[in-house]
Amino acid sequence: MYNFEYAKPDNLETAKSLMAREGAQALAGGQSLTPTMKQRLAQPELLVDITGLPELKGVARVDGGVRIGGGVRHVEVERSAEVQAAAPALAQLAGKIGDPQVRNRGTLGGSIANNDPSACYPAAVLALDGVVSTSNGRDIAAADFFQGLYETALEEGELVTAVTFKAPMRAAWMKFPQPASRFSLVGVFVAQFADGHRVAVTGASESGVFRHGDLEAALNTGGDLDSVAVSPSGLIADLHGTPEYRANLIRVQAKRGAAAMV
Amino acid sequence: MPQVSMTVNGKRMAGEVEGRTLLVEFLRENLRLTGTHVGCDTSQCGACVVHVNGDSVKSCSILALAADGAEVTTIEGMAAADGALSQLQEAFRDYHGLQCGFCTPGMIMSAADLIKSNPNPTETEVREWLEGNICRCTGYQNIVKAILAAAARMRGEADPDFAAFAAE
């Protein structure tokens, strides 16, 4: 790992001024960033440890949903009574990320700011119509936030302060894990709201997390998901699976999710 | 160079580190607490698991400076001062939960965190919890037995009947 300067501010204002410096990089739980830096794939000059910011903490019920601070760790989401009441599938998703030690460190904000194409959280943010609040005072709709592989709407130095999820009538998270990395080989989050279903897919597309309109339409009309054509076009091809394999998994996991929704 | 201080196994420790110094490097190289192992160094194997403020974490994936001011417990802190093993360590010995022993410190630290949050885990819960701890010798059977036995003993109960395991 290349060396760097380290700072751990205790409030958001100080963090923002540090993040404005040239070569600054935010460090949340560090479960992706630390391994990346060890491989010398990232070389920040200043690491701003944001795990001590009180503004990024806390889980609270809000009208029609639940607001989770960007610095809230996966284990806290998994065990949160507020999350379990508003969206049990979201608590289940948090409880299946990585392994217990990753969940003890990794945070919601860190996961979605990184936007790994196989990360779990982006699927929940998209399926539960999430709104991402940032340190620049912006509220960004999920559909605008995720912009491709490791790309988000965040500007230089901008931090995720919270995500507000809508509480669904029913939802389920169906993760098909890649057993070595424990990321989703294909993960499908199915949610039902009064105005219809939302189906978000992670791990499968070369462009990152996405919604599958045809699967949503089939669920809205009570149709058979087996009759939905899931195109392999644009899906990831790697040693773990072909695009055709992933396309089939998307339909299978969506079907399982629809049957398992609570 | 930056200064770091933390309480390790109940003792106040301080030292000079670089920004990039990992917690495991500080523990092993500065403090000479070599019971915490580095296996894969890519946060897959769990041999480096220690407790930071009561939570199990991979010490190869956290900076020493990020643990500044924290309470850290390593495998060296599990036995009593007179060398008497903890119940978890005792159960690993009784059930032969190790062969080469390389993964054992991480297994013990991870299992201790499980039993703290879930004093009565099922076999499935133990196996799922060990997702981040890789053992290449045992096939996990005796590790799982040891953890279930330790949890039972900590609840003041007798060891579980492992006949079903033996039949597998």
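Sequence lines set the chain letters: A, B, ... in the order given, protein chains first and strands last, and positions in each chain run from 1. All figures in this text were calculated on a predicted structure; none of them were measured in a lab.
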(message) Using heavy-atom distances under 4.5 Å, tell me whether A/Asp49 contacts chain B through its side chain, its backbone, both, or neither.
(response) side chain
(message) Need one label for B/Leu130: side chain, backbone, both or neither, based on atoms under 4.5 Å from any heavy atom in chain A.
(response) neither
(request) Would you check if A/Leu47 and B/Leu65 make a side-chain contact, meaning some heavy-atom pair closer than 4.5 Å? (result) no
(message) Need one label for A/Leu33: side chain, backbone, both or neither, based on atoms under 4.5 Å from any heavy atom in chain B.
(response) neither
(request) Report the option among B/Arg20, B/Lys58, B/Glu18 that has the most heavy-atom pairs separated by less than 4.5 Å from atoms of chain A. (result) B/Arg20
(message) Quick check against the 3.5 Å criterion: does A/Asn104 have a side-chain atom that pairs as donor or acceptor with the backbone of B/Ser56?
(response) yes
(message) Using 0.5 Å steps for rounding, measure from the CD1 atom of B/Ile62 to the OG1 atom of A/Thr34.
(response) 8.5 Å
(message) Can you tell me if A/Glu156 has over 12 outside heavy atoms packed within less than 6.0 Å of its CD?
(response) no
(message) Need one label for B/Val49: side chain, backbone, both or neither, based on atoms under 4.5 Å from any heavy atom in chain A.
(response) side chain
(request) State plainly whether the residues B/Asp68 and A/Lys8 are in salt-bridge range, i.e. N to O under 4.0 Å. (result) no
(request) Return yes if a side-chain donor-acceptor contact under 3.5 Å exists between A/Gln101 and B/Ser110, otherwise no. (result) yes
(request) Considering non-hydrogen atoms only, spot the tightest contact between A/Pro100 and B/Trp129 and give its length. (result) CG-O, 3.2 Å
(request) Can you tell which part of B/Leu114 gets under 4.5 Å to a heavy atom of chain A, answering side chain, backbone, both or neither? (result) neither
(message) Please report the interatomic distance CD1(A/Ile97) to CD(B/Glu131), rounded to the nearest 0.5 Å.
(response) 12.5 Å
(message) Please identify, among A/Arg105, A/Glu5, A/Arg182, the residue contributing the most non-hydrogen atom pairs under 4.5 Å to chain B.
(response) A/Arg182
(message) Within the 4.5 Å heavy-atom criterion, are A/Lys38 and B/Ser43 side-chain neighbours or not?
(response) no
